[in-house]
Structure formats: structure tokens, C-alpha cells
K.L.:
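Pasting in a structure now, in C-alpha cells, and then I'll have a few things to ask.
In what follows, chains are A, B, ... by sequence order, proteins preceding strands, each numbered from 1. Not measured: the values here are computed from a predicted model.
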2 protein chains.
Amino acid sequence: MAYTYDYPHPAVTTDTAVFSIIEGRLHVALIERGAPPFKGCWALPGGFVGMEEDLAEGARRELAEEAGVTPDQLSGLPFFQIGAFGAPGRDPRERVITVAFLTLVPMDRVTLVASTDAARAEWFAYDDLPALAFDHADILAQARAALSRLVSTDLSADADAVFSFLPEEFTLSQAQTVFETITGAALEKRNFRKWIKAHWELEDLQKKTSGGRHRPAALFRLGGARRQAG
Amino acid sequence: MAYTYDYPHPAVTTDTAVFSIIEGRLHVALIERGAPPFKGCWALPGGFVGMEEDLAEGARRELAEEAGVTPDQLSGLPFFQIGAFGAPGRDPRERVITVAFLTLVPMDRVTLVASTDAARAEWFAYDDLPALAFDHADILAQARAALSRLVSTDLSADADAVFSFLPEEFTLSQAQTVFETITGAALEKRNFRKWIKAHWELEDLQKKTSGGRHRPAALFRLGGARRQAG
DNA sequence: CCTCAATAGTGTAGTTTGAACACTATATAG
DNA sequence: CTATATAGTGTTCAAACTACACTATTGAGG
């Protein structure tokens, strides 16, 4: 089957940077390409946009197809567009313009499963990445920057999104790890606790962790509304 | 001449929101469409991306072609990508994905000239816009939000860009107008002067305006490096 | 030349926000 | 019972932001 146009059309793909925090380090989901170009190389999960689907929809579909991250696992999680990348020559096959997305998944919930087109799917520590296919190193760097921007000194309207790294019920220490990992800076415990309680409404679940060889920690849940920026 | 592909390909366009500040009000450059669809409707200047040109390059070419804003006039001015817009059905002809850009031009320098495909090209006050073609109202709203974000309480790395609204030599009152127009909030004069001098290095040109029926104002130029965020 | 109108220019005090800093508490393992 | 590992808690100082009112200089017009 062939598709014919009066003018040349570029191909359009999506690619998604799926971030998580594993053992206190920022990780990204990558797939090993099972087909040329860049066969055997690691890449962001993504693929061609369907003609009837929205860009974000296509990105989610590809996540399921290539990395086994189902729409179910993504439901309720933030999904941001990073931007379009369209330098001529970024794909050796033909002109391909890709629209990149960013998502944040909880530290404890998502397992990757390779499938269509992907030989493997794995989590990589962000500061220990393999060589990436296409211009994905570029895209990933911009995704990382967008992640940082979410929690830069004045909080963006989307700052709540970073709580997606946490399980539904979390301790303040876990929350601190998330903010430290994203900003890359160590935070002072007492200041952090004051600050997070000033900016978010945290519901004290009146429960404690258990099992650790140490004092149990109080569990919280992100409450109704973010308090305010500033 | 026809172009044939194994898979259907969407068309890709660019659209640019060109902002300026005219008589203390934020304005946008729009063109009146001279051809269907949406003939006679106002729209952001833009058009199809060439197969060998980068996205931003294509956007600038279209600005020249449709609105008479030459690469020359744009040189040195910021040019930011807002994002890709690709809802199926946003263009009645075929699937069209557009990549939107944002630029800021000086209050005193750019005249619009309609040409290719555009019946007219004009500046419109942002808060007095006509109905727009396609999803351009949407795109424009996101461009406006990006403009605000440039100068939100903690300054983005790109905050210098707002000086592009000013002539090379400007008074502090003009600068205040720019920041007030972007944020939509009235600023207190003494505080603003302290603040801008704390965040930017302004070179005092040791010159004064003249001709006004009032005290002359000192002229400044944006100095070398931005001081720092915070 | 005097007055008016219009914009330029300047400093201080109060409040809020962010940064630095050290010790006590409680669970488990051995 | 002891050792170890993490949880939890307040105060003080510095910096940044807010509010606030008067004098200065020019051109126009009478």
C-alpha cells in the first residue's frame, strides 16, 4: 500500500523520556533497538505517530509497545511535551521530526518489558548512560532540564508532578530524596521539612513505616491542593 | 510531481507568535489568510517546513514570506520553540502537525508587509484579538504563557530575551513598561529600579532623552552578562 | 518670565523568606 | 543491653521583597 502526496512530507515520531528514582538515583527507561538504523544501540522508546491519534496518545502507545509500560501504569501520571526535534539528517532513513515527551513514574511501581522492535528494555542511571541512537542524547538532556525546571526556586505550576516519583504513601525522607535527586543538591533536613509543609498540603496518615532497623517514619499523602508558589 | 511513501505521513508546518510592545500594550503580528482554509481569517504567520531546512529556519523563512519580517530584522533576537501541536483534525485538509515558535521584536523597529498567501499583515493588541484560524488561539495562549514564564519570580535562564522588546538604548521607564506589560502587574518605581539593577548589568550611557515636555531620562544599554538568578 | 503639566529620580523601615546549625528519639539486630 | 541506623524537632542570622512620598527637570503656553 502506498501513500502519495503533492508535496514531500516528513515522517513524524514521538519519543518519551521515562524517569524514575531507583535507590536514590535518577533513572531513565531505554530500549535496545532490535532493527536498523542504530540496531543494538540504546534509545528512548518511541515510534511513528498514527494518522488518527494525538501526539501524546501515540507516545503512550509506543511506551506500551516497546517498553511494556502500559497505559494503566501511566494513568494519573504527568505527561509533558518537551518539544519537537527536527534537524535534517537526524534520522538516516528519511526526514523524521520527533516530538519528545517526559514522564515521571513512581520509584516502586514500573517494570519494563521489551517487545515490538525492542530487543531489551532497561532502567539506566541517568549519570551512567550508554551511547544513544539518533539525537536522543540531546533530547534526553532537554528532558532532564525540564525535570529540573519543575522544582526550580520558584515552583512551576506543574511542580506537583514530582510527587509522581513517590509511592502514594511516603515518608518525608523519601520526599527529600526525590527533591535532592532532581536538583542534584543536598538539602538540610529541618529546612526541607519546613519548606515542603509550607508549599504543599501533606496529609498525615497517622501511620508509621515498620521493618527498618531504626526508628519508624510517619507516612504522608499529597493532600488536595498545592498551597501556592513563592 | 508526486511523492510516495509506504506509510501515511502527516504534513508539518511551523507557526510563529511574533510579540512586540506598542504604546505600552502587548501586540502580536497576524496575517489575514488569502487562501482556504480559513480564507479571510487571521492567523499566525507560518507554513510548511522544507525537507532540507531546520524547523526554526523554516519558521523564519515563513515570517519573511508572509509578514515581511526579514531574517535581518530577526537577527540577534530570541527565537524559542513553544512546542508541537498535532491534534487530529486541527487542519481540515489533512493531518498537519505544527511546531510553534515565539519571538520578541523591539517596540520601535519592525513593520509588517503582507505577501505570499497573506492578504494583509498587521499588529493586534493581545487583549483585543480577532477570531483566529485553526487552533491558533490555543497556540497563541501557550506562547503568551511562555512569555510570562520568562520573567516569573525566579528568572529563567532566558530572561534576557525580554530586553528584545526594548530599543538598544532605553530608559528605565521603558524597561518598566516592558516588565509591567509582560507580567500584567503594576510595579513600584523605586523597587523596580533597585530590582533591575540587582539582576542585570545596565550600562549607563551618560546620555539623556530629549524632546519630551518633561524632565529628560537617562539612557541605558544591557551590559555584558546577566548578574544572576534569585 | 512665570506657571503648569508631565515624567524622572531617590531612600528607609518592616516583613518575609531562605540558610545555617546539633541534639534527642525509637526501632531492629545481634 | 548495646550498637546502629534513621526519624524528628527550633532558633538565629542574612537576604530579598514590599510599602511608601517627595523633589527635580524639561517644554509649552500664557
K.L.:
Under 4.0 Å from any atom of DNA chain D, heavy atoms only: list the residues of residues 171-191 of chain B that qualify, in numerical order.
P.N.:
B:E188, B:R190, B:N191
K.L.:
With sequence neighbours left out, write down each residue that passes side-chain contact (heavy atoms from CB on, under 4.5 Å) with B:E32, or none if nothing qualifies.
P.N.:
B:W42, B:A119, B:R120
K.L.:
Quickly work out the A:I196 CD1 to C:dT17 C1' distance and round it to whole Å.
P.N.:
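Between C1' of C:dT17 and CD1 of A:I196: 17 Å.
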K.L.:
Applying side-chain hydrogen bond (donor to acceptor under 3.5 Å, both in side chains), name anything that partners A:E188, two or more places apart in sequence or on another chain.
P.N.:
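A:R190.
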K.L.:
May I ask you to decide if the ring planes of B:F179 and B:F163 are parallel, tilted or perpendicular, using 30° and 60° as cut-offs?
P.N.:
perpendicular
K.L.:
Using the side-chain hydrogen bond (donor to acceptor under 3.5 Å, both in side chains) criterion, which residues pair with B:K207? Sequence neighbours excluded.
P.N.:
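Only B:E169 meet the side-chain hydrogen bond (donor to acceptor under 3.5 Å, both in side chains) criterion with B:K207.
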K.L.:
Kindly calculate the angle separating the two end axes of the helix from C:dC1-D:dG30 to C:dG30-D:dC1, each obtained from five base pairs, and round it to 10 degrees.
P.N.:
10°
K.L.:
Expressed as a whole number of angstroms, how long is the span from A:F192:CZ to C:dA20:P?
P.N.:
16 Å
K.L.:
Going by an N to O cut-off under 4.0 Å, is there a salt bridge joining B:R61 and B:E57?
P.N.:
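The answer is no: the pair does not qualify as a salt bridge.
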K.L.:
Taking only residues at least two apart or on different chains, which pairs with a member in residues 130-143 of chain B satisfy salt bridge (charged side-chain N to carboxylate O under 4.0 Å, His left out)?
P.N.:
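Sorted pair list: B:R90-B:D135.
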K.L.:
Only counting residues at least two apart or in another chain, list the ones meeting side-chain contact (heavy atoms from CB on, under 4.5 Å) with B:A133.
P.N.:
B:R33, B:F38, B:C41, B:A43
K.L.:
So, does the side chain of A:K194 form a donor-acceptor pair with the base of D:dT9 at under 3.5 Å?
P.N.:
no
K.L.:
Round to a whole Å and report the spacing from CH2 of B:W195 to P of D:dA16.
P.N.:
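Rounded to the whole Å, the gap is 14 Å.
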K.L.:
Considering residues at least two apart in sequence or located in another chain, which fulfil the side-chain contact (heavy atoms from CB on, under 4.5 Å) criterion with A:T181?
P.N.:
A:I21, A:L26, A:T177
K.L.:
C:dG9, OP1 or OP2 - any side-chain N/O from B:R215 closer than 4.0 Å?
P.N.:
no
K.L.:
Could you check how far CG of A:L219 sits from P of C:dA27, rounded to whole Å?
P.N.:
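Value for this atom pair: 14 Å.
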K.L.:
Applying side-chain hydrogen bond (donor to acceptor under 3.5 Å, both in side chains), which residue pairs with at least one partner in residues 139-150 of chain B are found, sequence neighbours left out?
P.N.:
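Sorted result for residues 139-150 of chain B: B:R144-B:S148.
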K.L.:
Could you give the NZ-to-P distance, from A:K197 to C:dG18, as a whole number of Å?
P.N.:
17 Å
K.L.:
Sequence neighbours excluded, which residues qualify as side-chain hydrogen bond (donor to acceptor under 3.5 Å, both in side chains) partners of A:T13?
P.N.:
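Partners of A:T13 by the side-chain hydrogen bond (donor to acceptor under 3.5 Å, both in side chains) criterion, ordered by chain and then number, come out as A:T98.
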K.L.:
Give each protein N/O atom lying under 3.5 Å from an N/O atom of nucleotides 27-30 of chain D, with the pair distance.
P.N.:
unit_1: D:dA28; atom_1: O4'; unit_2: B:R213; atom_2: NE; d: 3.1

K.L.:
Rounded to whole angstrom units, what separation is found between the CZ atom of B:R193 and the C1' atom of D:dA24?
P.N.:
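Interatomic distance, CZ of B:R193 to C1' of D:dA24: 13 Å.
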K.L.:
Identify, with sequence neighbours excluded, every residue that meets side-chain hydrogen bond (donor to acceptor under 3.5 Å, both in side chains) alongside B:D127.
P.N.:
B:R25
